[in-house]
Amino acid sequence: MQQTKFTGPERVAIENAIAGRKSVRAFLDKPVSRETVEHLLRVASRAPSGTNMQPWRAHVVAGEAKDRLSKAILDEFLAGGMARGKSEYKYYPDQFFEPYQSRRRKVGFDMYGLLGIAKGDAAAMSRQLSQNYTFFGAPVGIMFTVDRRLEIGSWLDYGYFLEALCVAARANGLETCSQQAFAYFHTQIREQLAFDANEVLVCGFALGYADWSAKINTLETTRSPVEEFATFQGF
Ligand SMILES: Cc1cc2nc3c(=O)[nH]c(=O)nc-3n(C[C@H](O)[C@H](O)[C@H](O)COP(=O)(O)O)c2cc1C
């Protein structure tokens with residue numbers, strides 16, 4: 001792709017695509033073509049990676065394949081599989097601490113508050129959680145995997161790739177939700193999508209047109225100010 005100098009409106013559009021991204025948890029029943037998904041993956045694959053190793057691998061499902069996958073996961077979820085199913089990697093520490101504990105509590109509190117789910121209403125929380133497994137109604141689901149023989153650096157590369165995909169989706173009028181909730185069901189997913197033995201599920205991903213009339217999509221998350229996470233010297 002050619003190197004370009006951006007005009008003022010283009011700069012604003014690019015910044016909006018990044019800063020206006022949010023995790024969407026209700027999608028319209030409107031299809032997304034295979035060509036569109038291929039295009040987005042092609043754009044995102046321009047993400048940098050250490051020594052250009054490009055560790056990403058995508059298993060894309062729509063239609064019946066997606067429904068079959070969702071059913072296999074939901075059957076296991078409803079049978080209590082979340083507690084049984086261990087993620088193949090550790091996303092969170094055993095013990096949360098500040099400032100991370102407060103941040104994660106806030107997003108949970110805000111989301112359940114918005115949906116009118118009372119603290120301790122385990123059944124309602126579980127129902128909301130289960131929406132993950134139908135990709136929140138998105139027409140396209142993606143399972144991203146990485147080769148387990150690779151190191152943490154490749155997982156760092158993965159982050160660049162996934163964010164590039166989120167932004168490319170928005171440039172095309174589509175929205176996304178990254179979904180770690182799938183990690184607990186890697187056994188069912190592996191079986192359904194015939195992963196190679198060395199593939200580890202990194203996360204699931206919902207892709208589609210947002211249903212902006214859905215309450216859940218009005219959730220706004222906050223960010224700490226730059227002064228809190230950056231120091232500057234020599235300016
Ligand atoms: C790798 C990753 C996994 C995530 N997993 C889930 C998930 O399983 N379910 C969900 O509803 N949101 C999930 N999220 C969304 C986060 O909760 C969300 O990014 C965060 O609260 C900030 O909100 P925002 O994306 O709307 O800016 C995930 C995000 C990332 C980056």
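Each ligand, and each atom within it, is numbered from 1 in the order the structure gives.
Which of Q179, Q180, R25, Q128 comes nearest to atom 12 (N) of ligand 1 through a heavy atom is settled by distance: it is R25. Closest heavy-atom approach to atom 8 (O) of ligand 1 among the candidates G204, A181, G20, C203: A181.
The protein heavy atom nearest to atom 2 (C) of ligand 1 is Y91 OH, 3.4 Å. Among protein heavy atoms, the minimum distance from atom 27 (O) of ligand 1 is reached at R223 NH2, 2.8 Å. Distance from atom 9 (N) of ligand 1 to its nearest protein heavy atom, with residue and atom name: N132 OD1, 3.0 Å. Summary of contacts: the protein heavy atom closest to atom 28 (C) of ligand 1 is S178 O, 3.2 Å.
With N217 contributing its side chain and R25 its backbone, the two residues share a donor-acceptor pair below 3.5 Å. In terms of modelled atom types and a separation under 3.5 Å, the side chain of Y89 and the main chain of V202 share a donor-acceptor contact. In terms of modelled atom types and a separation under 3.5 Å, the side chain of D196 and the main chain of N198 share no donor-acceptor contact. In this structure, the side chain of S49 engages the main chain of M53 through a donor-acceptor pair within 3.5 Å. A donor-acceptor pair under 3.5 Å is formed between the side chain of E10 and the backbone N or O of T7. In this structure, the side chain of H59 does not engage the main chain of A194 through any donor-acceptor pair within 3.5 Å.
Ring geometry for Y158 against F161 counts as perpendicular: the plane angle is over 60°, on a 0 to 90° scale with 30° as the lower cut. Ring pair F77/Y133 is tilted by interplanar angle, where 30° to 60° counts as tilted.
In the vicinity of K22, heavy-atom distances shorter than 4.0 Å reach the ligand 1 atoms 26 (O). Close approach to V107 involves these atoms of ligand 1, each under 4.0 Å from a residue heavy atom: 21 (O).
Residue F205 does not touch ligand 1, judged by heavy-atom distances below 4.0 Å. At a 4.0 Å heavy-atom cut-off, ligand 1 does not touch L219 at all. Residue-level proximity to ligand 1 for E220 is absent, since no heavy atom of it falls below 4.0 angstrom. Looking at S23 against ligand 1, both its backbone and its side chain come within 4.0 Å, counting heavy atoms.
Between P139 and K30, the closest side-chain pair of non-hydrogen atoms is not below 4.5 Å.
For atom 20 (C) of ligand 1, no protein non-hydrogen atom is found at a distance below 4.0 Å.
For R104, the closest heavy-atom approach to ligand 1 does not fall below 4.0 Å. Under the 4.0 angstrom criterion for non-hydrogen atoms, F136 is in contact with ligand 1. A heavy-atom separation below 4.0 Å is not found between M111 and ligand 1.
Across T134, V60, V61, I142, a single residue satisfies side-chain contact (heavy atoms from CB on, under 4.5 Å) together with K66, and that is V61.
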